[in-house]
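Just below is one structure, and these are the notes that go with it.
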Amino acid sequence: MADAPDDELTTERLPAESLVHSGADDLERAAEAALRPRSLDEFVGQRVVRDQLSLVLQAARRRGRAPDHVLLSGPPGLGKTTLAMIIAAELGTSLRVTSGPAIQHAGDLAAVLSSLEEGEVLFLDEIHRLARPAEELLYVAMEDFRVDVVVGKGAGASAIPLALPPFTVVGATTRAGLLPAPLRDRFGFTGHLDFYETHELERVLLRSAGLLGAPLDAAAAAEIASRSRGTPRIANRLLRRVRDWAEVRGDGTLSLAAAQSALEVYEVDELGLDRLDRAVLTALCTRFGGGPVGLTTLAVAVGEEPETVETVAEPFLVREGLIGRTPRGRVALPGAWEHLGLTPAAGPGTLFG
């Protein structure tokens with residue numbers, strides 16, 4: 001995997017409201033390429049998954065066989081793609097990358113599978129979004145290492161079995177609950193990635209800063225880590241923005257003052273909330289007295305689509321105990337009022353109101 005050019009890392013830009021959201025577009029993935037660890041020893045955090053995976057890979061190497069299929073689940077930005085690349089590197093083989101949405105027909109998957117070489121790793125991102133016909137084809141391929149190629153149509157159609165060399169599927173999903181049980185059961189190892197602790201993100205940031213050639217003060221690393229929502233992708237993204245600020249408006253030093261000033265420019269506060277997050281909290285507390293209020297009404301109040309509020313802002317706000325979801329709508333919890341410096345409204349704005 002080639003390193004991304006340094007100037008690409010510097011000039012890549014994201015809207016302020018996207019800085020602390022864990023999704024990634026093509027530019028973001030290119031920027032991440034130079035910062036990815038290349039081995040399990042370099043991979044920071046996820047100690048349990050890392051130790052378990054190391055055992056699986058070592059055992060497979062000793063036996064001289066492809067390891068069991070691996071399923072990695074967890075929120076975006078925690079390292080599932082990186083681990084898939086590390087698995088291929090640790091096995092000394094190549095990695096074939098595709099995704100569930102890219103495979104719409106069984107024939108698409110059959111073409112990929114039939115071109116695999118022995119021991120190769122097939123990475124299926126967003127595996128929960130595989131089309132049903134492709135999913136059923138994958139069952140047989142994972143278990144019996146064969147695909148049935150259908151020749152002809154109608155009553156004269158016949159299936160010709162095509163043997164496949166042993167290979168390893170690494171599936172990644174942010175929604176493990178959507179995987180059908182027959183598919184989930186065909187994975188010999190399942191690892192769930194959790195959000196990172198602040199001290200782990202500090203290690204990620206210090207390593208990334210070294211790769212970028214931008215020495216980072218320990219205090220600045222702690223400041224950035226505390227605002228990164230427990231997600232390495234967000235931490236590295238904020239680090240690049242701090243470096244931009246230091247080079248353009250500062251003296252080039254990634255100090256605590258530079259980090260605080262840069263994050264203020266990009267409207268990322270001390271909890272890691274951005275403009276959209278604060279808009280949701282402010283509307284909920286000041287316009288609706290703390291709720292309960294319906295999702296659609298709340299979205300209209302902040303000028304966003306309901307899907308954006310539900311999928312982008314709410315997960316972190318709920319996880320941090322700032323808002324709650326009830327059958328009657330969203331409500332502001334005490335932490336939201338405190339964060340905004342407001343006095344809680346008297347009335348129904350509670351979980352049980």
Side-chain angles (χ1 to χ4, degrees), residues 1-3 24 26 29-30 32-43 46 48-74 76-103 106 108-130 134-135 137-147 162-174 176 179 183-193 232-233:
M1 179 175 55
D3 287 354
D26 291 341
R29 294 186 188 281
E32 290 174 350
L35 305 180
R36 292 188 191 277
R38 310 301 171 89
S39 68
L40 286 175
D41 291 337
E42 293 181 13
F43 193 90
Q46 310 296 342
V48 173
V49 172
R50 186 159 37 88
D51 290 348
Q52 293 172 343
L53 193 54
S54 175
L55 184 60
V56 170
L57 297 180
Q58 288 182 43
R61 285 199 300 266
R62 289 192 178 187
R63 289 193 295 265
R65 299 178 57 185
D68 286 344
H69 304 298
V70 175
L71 177 64
L72 302 172
S73 64
L78 299 186
K80 296 185 291 296
T81 301
T82 298
L83 281 175
M85 294 178 176
I86 288 175
I87 288 171
E90 295 274 350
L91 294 173
T93 187
S94 57
L95 179 72
R96 192 76 61 90
V97 180
T98 186
S99 66
I103 298 176
D108 298 335
L109 181 60
V112 173
L113 293 173
S114 60
S115 66
L116 292 175
E117 298 179 1
E118 184 172 353
E120 199 166 11
V121 174
L122 173 63
F123 177 52
L124 278 171
D125 199 10
E126 297 186 85
I127 192 172
H128 61 276
R129 295 178 61 186
L130 268 178
E135 184 182 290
L137 179 70
L138 187 59
Y139 294 162
V140 179
M142 292 174 67
E143 193 163 31
D144 300 331
F145 294 109
R146 67 176 175 86
V147 292
L162 175 65
L164 301 174
F167 64 94
T168 299
V169 172
V170 177
T173 177
T174 56
L179 282 180
L183 179 57
R184 189 167 53 244
D185 291 345
R186 281 168 170 77
F187 288 96
F189 171 77
T190 300
H192 179 78
L193 276 60
R233 174 177 292 158

If you measure only the distance, is there a donor-acceptor pair under 3.5 Å linking the side chains of Ser94 and Glu120?
yes

Tightest non-hydrogen contact, residues Phe43 and Ile86, listed as CD1-CD1, 3.8 Å

Is there a donor-acceptor contact under 3.5 Å from the side chain of Ser114 to the main chain of Ala110?
yes

Would you give the length of the straight line joining atom CG of Asp185 to atom CD of Glu143, rounded to the nearest 0.5 angstrom?
10.0 Å

So Pro166 and Arg65, do their side chains get closer than 4.5 Å, heavy atoms only?
no

Using a cut-off of 6.0 Å, state whether more than 12 heavy atoms not belonging to Arg61 lie near its atom CZ.
yes

Test applied, side chain to side chain donor-acceptor pair (under 3.5 Å); reference residue, Thr82; option that passes from Glu42, Arg38, Arg36:
Arg36

Is any side-chain heavy atom of Val140 less than 4.5 Å from a side-chain heavy atom of Arg146?
yes

Would you check if Leu193 and Lys80 make a side-chain contact, meaning some heavy-atom pair closer than 4.5 Å?
yes

Kindly give the heavy-atom pair with the smallest separation between Pro232 and Gly77, and that separation in Å.
CD-O, 3.4 Å

All heavy atoms of Met142 vs all of Val169, minimum pair found to be CG-CG2, 4.0 Å

Atom pair CD1/CZ of Ile103 and Arg129 - distance to nearest 0.5 Å
12.0 Å

Let me see the working for Leu138 and Leu124 under side-chain contact (heavy atoms from CB on, under 4.5 Å), right down to the final yes or no.
CA-CA 11 Å; Leu138 187 59; Leu124 278 171; 3.8 Å; yes

Evaluate Thr98 against Asp125 for side-chain contact (heavy atoms from CB on, under 4.5 Å), listing each step before the verdict.
CA-CA 6 Å; Thr98 186; Asp125 199 10; over 6 Å; no

Would you please classify the geometry between the Phe187 ring and the His69 ring as parallel, tilted or perpendicular, with 30° and 60° separating the classes?
perpendicular

Minimum-distance pair of heavy atoms, taken over all atoms of Leu130 and Glu135:
O-OE1, 4.2 Å

Cation-pi between Arg186 and Tyr139: NZ/CZ under 6.0 Å from ring centre and within 45° of the ring axis?
yes

Using the rule side chain to side chain contact (heavy atoms under 4.5 Å, CB included), only one of Leu113, Val121, Leu116 pairs with Arg96; which is it?
Leu116

Check Ala172 against Phe123 and note the closest heavy-atom contact, atom names and distance.
CB-CE1, 3.6 Å

Ignoring hydrogens and angles, tell me if any N or O in the side chain of Thr168 forms a donor-acceptor pair with the backbone of Pro67 under 3.5 Å.
yes

When you compare the side chain of Leu83 with that of Val170, does any pair of heavy atoms fall below 4.5 Å?
no

Here the gap from Ser73 atom OG to Leu78 atom CG, rounded to the nearest 0.5 Å, amounts to 10.0 Å

Interatomic spacing from CG in Leu137 to CG in Asp108 - rounded to 0.5 Å
10.5 Å

I'd like to check Leu57 versus Leu40 (side-chain heavy atoms, cut-off strictly below 4.5 Å). Are they in contact?
yes

Rounded to the nearest 0.5 Å, how far does CD of Glu126 lie from OG1 of Thr173?
8.0 Å

Heavy-atom nearest pair, Leu71 first then Arg184, reads CD2-CG, 4.3 Å

